[in-house]
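One structure is given here, and the rest of the page talks about it.
Per chain, numbering begins at 1; letters A, B, ... match sequence-line order.
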2 protein chains.
Amino acid sequence: MSDAHDVLFRTLADPTRRALFERLCREGEKTVGALTARAGVSQPVVSKHLGILKQAGLVRDRHEGRQTHYSAQLGALAPLVDWTSEMASFWQSRFDALEDLLKRMDQ
Amino acid sequence: MSDAHDVLFRTLADPTRRALFERLCREGEKTVGALTARAGVSQPVVSKHLGILKQAGLVRDRHEGRQTHYSAQLGALAPLVDWTSEMASFWQSRFDALEDLLKRMDQ
DNA sequence: AACAGGCATAGCTCATCGGCTATGTGGATG
DNA sequence: CATCCACATAGCCGATGAGCTATGCCTGTT
């Protein structure tokens, strides 16, 4: 029973995988070969990581002849933003409640 | 050479650990015992996770007699927000929640 | 048809890590 | 001082996962 947050955090936790995603965000669509050239790991490893990124919805693949082009799907980061925002809002609301309490005690 | 993003993602990738952090965000300061009661894992495991969260700067501990109180340190999420924001900036996409969060965290 | 190139899959190894139980430490309490 | 309680630490084990090499599949080329 793993929710969307789980998948995102686990997927982005690996440095190699995150680096691949970052490159796709910065430089746009790339082939597996182009990604492998600077990844520092073997081609099968790159393919595997891209598969995991795809399963998490973070990238999309497009086949053109015998090469596969990958590109970042930024929308998949939404749950991450939501989660962070939610944590912040809870924290903020408790802070507000404390301020409220202090204000009332001041009277 | 593990940067701040690495530590944050890896720390939050574990469901049990993330659940602990979420509870501290939602419900405020808690003792180890209180956290253990609903964590679904043993007390040593909870202590260990809290130690990892602390090392990542996500929580803070306060000793009071023989119990230890833990609380969330929301500021530690900043690098996460920055990273997401950076990725998003390459897309020139609008993330209202993110902008909102940045504004609030900027005090 | 035969071959070469680009990528995916399979199968393996090794390190990491999350869980447990047992034990240590240090503050309250009688 | 003896004891109990709250928590931390130590040590072990099984599962997960990231890396590798070898190989398969498909496409384009000659």
Side-chain angles (χ1 to χ4, degrees), chain A residues 1-3 5-24 27-73, chain B residues 1-3 5-24 27-73:
Chain A
M1 267 271 195
S2 62
D3 55 37
H5 301 149
D6 240 50
V7 173
L8 278 183
F9 277 116
R10 276 209 323 268
T11 302
L12 293 171
D14 180 72
T16 303
R17 206 150 51 213
R18 197 172 58 254
L20 285 171
F21 179 70
E22 285 189 27
R23 281 196 63 197
L24 289 177
E27 310 173 11
E29 196 180 67
K30 293 274 174 194
T31 66
V32 177
L35 289 170
T36 300
R38 290 183 156 235
V41 291
S42 66
Q43 174 266 315
V45 168
V46 171
S47 275
K48 185 178 156 198
H49 281 308
L50 288 171
I52 295 174
L53 284 167
K54 180 184 174 184
Q55 198 170 353
L58 285 164
V59 302
R60 187 173 176 285
D61 61 343
R62 179 175 67 82
H63 298 278
E64 185 179 324
R66 53 187 173 186
Q67 33 192 8
T68 311
H69 298 257
Y70 281 89
S71 54
Q73 290 285 100
Chain B
M1 215 168 104
S2 65
D3 56 41
H5 301 148
D6 243 20
V7 173
L8 279 183
F9 276 116
R10 275 209 322 267
T11 302
L12 294 172
D14 180 72
T16 304
R17 207 151 49 214
R18 197 171 58 255
L20 285 171
F21 179 69
E22 285 189 27
R23 279 196 63 199
L24 289 177
E27 310 172 12
E29 195 181 67
K30 294 272 174 197
T31 67
V32 176
L35 289 169
T36 301
R38 289 180 157 236
V41 292
S42 66
Q43 174 267 316
V45 168
V46 172
S47 276
K48 186 178 156 195
H49 281 308
L50 288 171
I52 295 174
L53 284 167
K54 181 184 173 186
Q55 199 170 352
L58 286 164
V59 301
R60 168 173 132 59
D61 61 344
R62 178 175 68 82
H63 297 279
E64 185 179 324
R66 55 186 173 185
Q67 35 192 4
T68 311
H69 298 257
Y70 281 89
S71 54
Q73 289 285 100

Show the nearest heavy-atom pair for residues A:Leu20 and A:Ala39, with the distance to one decimal.
CD2-CB, 4.5 Å
Whole angstroms only, please: what is the CG-P distance between B:Leu20 and D:dC7?
13 Å
Extract all donor-acceptor atom pairs below 3.5 Å that involve side chains of residues 50-64 of chain A and protein atoms in other chains or at least two apart in sequence.
{"unit_1": "A:Lys54", "atom_1": "NZ", "unit_2": "A:Asp61", "atom_2": "OD1", "d": "3.3"}
{"unit_1": "A:Lys54", "atom_1": "NZ", "unit_2": "A:Asp61", "atom_2": "OD2", "d": "3.1"}
{"unit_1": "A:Arg62", "atom_1": "NE", "unit_2": "A:Glu29", "atom_2": "OE2", "d": "2.9"}
{"unit_1": "A:Arg62", "atom_1": "NH1", "unit_2": "A:Glu64", "atom_2": "OE1", "d": "2.7"}
{"unit_1": "A:Arg62", "atom_1": "NH2", "unit_2": "A:Glu29", "atom_2": "OE1", "d": "2.6"}
{"unit_1": "A:Arg62", "atom_1": "NH2", "unit_2": "A:Glu29", "atom_2": "OE2", "d": "3.3"}
{"unit_1": "A:Arg62", "atom_1": "NH2", "unit_2": "A:Glu64", "atom_2": "OE1", "d": "3.3"}
{"unit_1": "A:His63", "atom_1": "ND1", "unit_2": "A:Thr68", "atom_2": "OG1", "d": "3.3"}

So which atom in B:Arg23 and which in B:Leu35 form the shortest heavy-atom distance, rounded to 0.1 Å?
NH1-O, 3.4 Å
Value rounded to 0.5 Å, distance of CZ in B:Phe21 from CG in B:Leu12:
6.5 Å
Taking all heavy atoms of B:Thr11 and all of B:Arg17, pick out the closest pair and write down the distance.
O-NE, 2.8 Å
To the closest 0.5 Å, what do you measure between NE2 (A:His49) and OG1 (A:Thr36)?
11.0 Å
Heavy-atom protein contacts under 4.0 Å, nucleotides 6-19 of chain C, coded B base, S sugar-phosphate only, - none:
SBBB--------BB
Over the length of the helix from C:dA1-D:dT30 to C:dG30-D:dC1, how much do the five-pair end axes diverge, rounded to 10 degrees?
10°
For the side chain of A:Arg10 and the backbone of B:Pro15, is there at least one donor-acceptor N/O pair under 3.5 Å apart?
no
Spatial distance of atom NZ (B:Lys30) from atom CD (B:Gln67) [nearest 0.5 Å]:
12.0 Å
